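None of the values given here were measured: they were computed from a predicted structure. All heavy atoms count here, side chains included; hydrogens, waters and symmetry mates do not.
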Amino acid sequence: FNIYMMYDKPFKSNKKYSVAFGGGLGTSNIFFDNHTVVGIKSAANTLTFTHLDSTANHFAKTKLSFINLQIPVELRYYSNPANPGKSWKFAVGAKAGLMINAYTKSKNYEDRYGNSIYGKTYIEKESNKRFFNTTDVSLTGRVGYGIFSLHTAYQFNGIIRDGYGPIINKFSIGFTISGL
């Protein structure tokens with residue numbers, strides 16, 4: 001889930017084009033299967049992803065989440081700037097962000113037979129930013145009609161800090177409701 005407030009500044013020479021900038025909050029999640037442990041609080045020098053065998057106790061669900069303050073900038077095109085609600089719209093841009101939090105959330109601790117140990121509502125959260133890049137630099141794009149559009153973003157500076165784990169770049173595709 002992402003939410004941004006942006007100021008749209010149309011070009012004086014051609015109202016079909018504009019530049020927009022603003023600020024907001026961006027979140028993202030990575031989901032893991034029910035036998036993977038993410039070592040976010042590990043004392044080791046690398047972030048570990050441990051896949052447990054089927055005989056070990058494990059969580060039914062685990063996700064790794066990030067929350068970032070972000071500053072997006074876009075170059076926009078409107079096919080009909082006089083009536084944006086009935087216009088095809090395109091945007092390309094970038095966003096820079098600063099990580100507020102990184103955490104894992106694991107639910108329902110189970111034994112090797114799939115029986116809940118502490119109850120299905122049991123949740124364990126761990127928070128630590130040590131292994132992660134605290135800056136998020138992404139390229140973005142959107143295309144849509146009226147207030148609805150599809151968006152995509154690619155974080156090219158990697159999620160995990162150099163030397164602390166595998167190289168992972170975030171790529172997302174989603175649905176947007178906006179005034180773009």
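- In Asn45, the CG atom is not crowded: 12 or fewer heavy atoms of neighbouring residues, nucleotides or ligands sit closer than 6.0 Å.
- Note: Phe148 CZ to Ser178 OG = 10.0 Å, rounded to the nearest 0.5 Å.
- Annotation for Asp162: atom CG does not count as buried by contact number, only 12 or fewer foreign heavy atoms lying within 6.0 Å.
- Closest approach of Ser106 to Thr62, counting heavy atoms only: OG-OG1, 3.2 Å.
- Under the 30°/60° scheme for interplanar angles, the aromatic rings of Phe11 and Tyr17 are found to lie parallel.
- Taking the six-membered ring where the residue is Trp, Phe59 and Tyr122 present parallel rings, their angle staying beneath 30° rather than reaching 60°.
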Apply side-chain hydrogen bond (donor to acceptor under 3.5 Å, both in side chains) to the pair Ser138 and Asp136, showing each step before the final yes or no. CA-CA 6 Å; Ser138 299; Asp136 170 0; 2.7 Å; yes

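- When Asn2, Thr176, Thr140 are each tested for a side chain to side chain donor-acceptor pair (under 3.5 Å) with His151, only one passes: Thr176.
- Looking only at side-chain heavy atoms (C-beta outward), Ile67 and Leu25 come within less than 4.5 Å of each other.
- In this structure, Phe175 places its CZ atom where more than 12 heavy-atom neighbours from other residues, nucleotides or ligands lie under 6.0 Å away.
- The heavy-atom pair separating Ser116 from Asn108 by the smallest distance is OG-OD1, 2.7 Å.
- A donor-acceptor pair is defined here as one N or O able to donate and one able to accept, closer than 3.5 Å; such a pair exists between the side chain of Ser79 and the backbone of Trp88.
- The closest side-chain heavy-atom distance from Val37 to Leu52 is below 4.5 Å.
- A distance-only check finds a donor-acceptor pair linking the side chain of Asn169 to the backbone of Phe156 [under 3.5 Å].
- Through direct or indirect side-chain contacts shorter than 4.5 Å among Ile, Leu, Val, Met, Phe, Trp and Tyr, Met6 is connected to Tyr4.
- The CZ atom of Arg112 sits 6.5 Å away from atom OG1 of Thr55, with the distance rounded to the nearest 0.5 Å.
- Expressed to the nearest 0.5 Å, how far OG1 of Thr36 lies from CZ of Phe31 amounts to 14.0 Å.
- The one candidate from Tyr77, Tyr78, Tyr7 that meets the side-chain contact (heavy atoms from CB on, under 4.5 Å) condition with Ser18 is Tyr78.
- Between atom CD of residue Glu74 and atom NZ of residue Lys95 there is a gap of 9.5 Å, rounded to the nearest 0.5 Å.
- Counting only heavy atoms from C-beta outward, the side chains of Asn68 and Gln155 never approach each other to under 4.5 Å.
- Using a 4.5 Å heavy-atom cutoff, the side chains of Arg142 and Arg76 are in contact.
- Counting heavy atoms of neighbouring residues, nucleotides and ligands inside a 6.0 Å radius, atom OH of Tyr145 exceeds 12 of them.
- Ile173 is not connected to Phe1 by any chain of hydrophobic side-chain contacts under 4.5 Å among Ile, Leu, Val, Met, Phe, Trp and Tyr, and they are in different clusters.
- Phe132 and Val137 end up in different hydrophobic clusters when Ile, Leu, Val, Met, Phe, Trp and Tyr side chains are linked at under 4.5 Å.
- Within a 6.0 Å sphere centred on NZ of Lys63, other residues, nucleotides and ligands contribute more than 12 heavy atoms.
- Across all non-hydrogen atoms, the minimal contact from Phe131 to Ile40 is CE1-O, 3.5 Å.
- For the residue pair Ile160 and Leu47, the shortest heavy atom distance occurs at CD1-CD2, 3.7 Å.
- Shortest non-hydrogen contact noted between Lys15 and Pro10 is CD-CB, 4.2 Å.
- For Lys170, the NZ atom sits in a packed shell: over 12 heavy atoms of surrounding residues, nucleotides or ligands are nearer than 6.0 Å.
- Taking 4.5 Å as the limit, some side-chain heavy atom of Ile159 sits within range of a side-chain heavy atom of Ile30.
- Distance check, rounded to the nearest 0.5 Å: CD of Glu126 to OG of Ser42 gives 10.0 Å.
- With hydrophobic clusters built from ILVMFWY side chains whose heavy atoms lie under 4.5 angstrom apart, Ile3 shares a cluster with Ile100.
- Side chains of Phe171 and Thr152 form a contact here, defined as non-hydrogen atoms less than 4.5 Å apart.
- Of the inter-residue distances, the one linking His51 atom NE2 with His58 atom NE2 reads 9.5 Å to the nearest 0.5 angstrom.
- Closest approach of Ile71 and Gly22 over heavy atoms only: CG2-O, 3.4 Å.
- Classification of the Tyr109-Tyr118 ring pair by plane angle, with boundaries at 30° and 60°, yields parallel.
- In the hydrophobic clustering of ILVMFWY residues, with side-chain heavy atoms under 4.5 Å counting as a link, Phe66 and Leu69 come out apart.
- Using a 4.5 Å cut-off on side-chain heavy atoms (C-beta onward), Ile123 and Lys105 make contact.
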